[in-house]
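Bear in mind that the values here come from a model prediction, so they are computed numbers and not experimental data.
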Amino acid sequence: MAVLGSTLLPLGLFLCLVMLLIPTSSANFSDSCMLFTQIIPSTTAPGIKANSDVYESDTTYTISVPVNSNVDSVVLRAMDMNNKSLGLWHKADRNCNSSSLYHVGSHDTLLRAYWESPHSMNITAVNIQAFTINSHGMATFSSLTLKRRAITTKPPVTISTTKPPTTRALPTVRILNATATLTTTSSVANGIFLSPIADALQILFIFLTSKLLF
């Protein structure tokens, strides 16, 4: 019994040590697609690119990641500003909790993947991340951000309903020729004055003529 007890004691310690190590290792990369042990930031190599850097809802983007013969796979994921995964990756070799894995051929130089943005209109920016994994289990990291275009609103057009004041035309006053008016008045007066004298002379002439004849 003493021998059995001494054998079980190291076994129990070993199991406790394994249980302590498992959470520690899984806490680093909780996603099963993260098949790497170290991340190297991309400083000189060309990074991830998209066919558009403007974010729009319900849109499929073409994501391009440069690769070489040392790259075995690429892990892609899209994160919002709260570091939550969103969207849908098409034709991935493996879909995990928050990312998708794509295998790379030995002669490939560029990996193209297609990501579909969600329907929600509350998203203003999305960070697309790429982990390029080599044969030694090391990943090169690169990312880009898609931003929604700012919406500009034009000020409302104000239509005035006030009528302009009505301008009344002044009556036209004609000034007659003073000389012509005076001449006309004199002619009319002379005609009125001379008319009885002419009639009297005409009657007198007729009377004298009749006396002479008879």
Where do [X] and [Y] come nearest, in terms of heavy atoms and distance?
X      : Y      : value
Val54  : Arg149 : CG2-NH2, 3.7 Å
Asp108 : Gly105 : OD2-N, 2.7 Å
Leu110 : Pro66  : CD1-N, 3.8 Å
Arg112 : Thr62  : CD-CG2, 4.3 Å
Asn95  : Ser100 : OD1-OG, 2.8 Å
Ser57  : Ser117 : C-OG, 3.5 Å

Would you check if [X] and [Y] make a side-chain contact, meaning some heavy-atom pair closer than 4.5 Å?
X      : Y      : result
Val65  : Leu76  : yes
Leu86  : Val126 : yes
Ile128 : Ile48  : yes
Met79  : Gln129 : yes
Trp115 : Leu88  : no
Ser106 : Ser69  : no
Met34  : Ser99  : yes
Tyr55  : Thr124 : no

| side chain to side chain contact (heavy atoms under 4.5 Å, CB included) between Val104 and Val71, intermediate numbers included | CA-CA 7 Å; Val104 178; Val71 176; 4.1 Å; yes

| message | Test side-chain hydrogen bond (donor to acceptor under 3.5 Å, both in side chains) on Asp72 and Ser135; report intermediate values, then the result. | response | CA-CA 6 Å; Asp72 290 339; Ser135 56; 4.8 Å; no

Hey, what do you get for [atom1] ([X]) to [atom2] ([Y]), rounding to the nearest 0.5 Å?
X      : Y      : atom1 : atom2 : value
Ile123 : Met121 : CD1   : CE    : 10.0 Å
His107 : Thr109 : NE2   : OG1   : 11.5 Å
Leu146 : Thr59  : CG    : OG1   : 10.0 Å
Trp89  : Leu101 : CH2   : CG    : 12.0 Å

| field | Residues Tyr102, Ser73; criterion side chain to side chain contact (heavy atoms under 4.5 Å, CB included); working and verdict | value | CA-CA 6 Å; Tyr102 293 83; Ser73 59; over 6 Å; no

| task | Given side chain to side chain contact (heavy atoms under 4.5 Å, CB included), test Val75 with Arg77 step by step and report yes or no. | result | CA-CA 7 Å; Val75 175; Arg77 64 181 183 177; 5.7 Å; no

| query | Above 12 or not: heavy atoms from other molecules or residues under 6.0 Å from CZ of Arg148? | reply |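 More than 12 heavy atoms, drawn from other residues, nucleotides or ligands, come within 6.0 Å of this atom.
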
| said: Run the side chain to side chain contact (heavy atoms under 4.5 Å, CB included) test on Val67 and Val74 for me, step by step, so that the C-alpha distance in whole Å, both residues' side-chain angles and the decisive distance to 0.1 Å come before the verdict. | reply: CA-CA 9 Å; Val67 295; Val74 175; 3.9 Å; yes

| field | Pairs satisfying ring-ring contact (aromatic ring centres under 6.0 Å, His included), at least one member in residues 119-139, at least two apart | value |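 Output for this query lists Phe36-Phe131, Phe131-Phe141.
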
| Do the side chain of Asp80 and the main chain of Asn82 share a donor and acceptor less than 3.5 angstrom apart? |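 It does hold such a pair.
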
| task | Show your working on side-chain hydrogen bond (donor to acceptor under 3.5 Å, both in side chains) between Ser32 and Arg94 and close with a plain yes or no. | result | CA-CA 9 Å; Ser32 59; Arg94 183 192 300 178; 4.7 Å; no

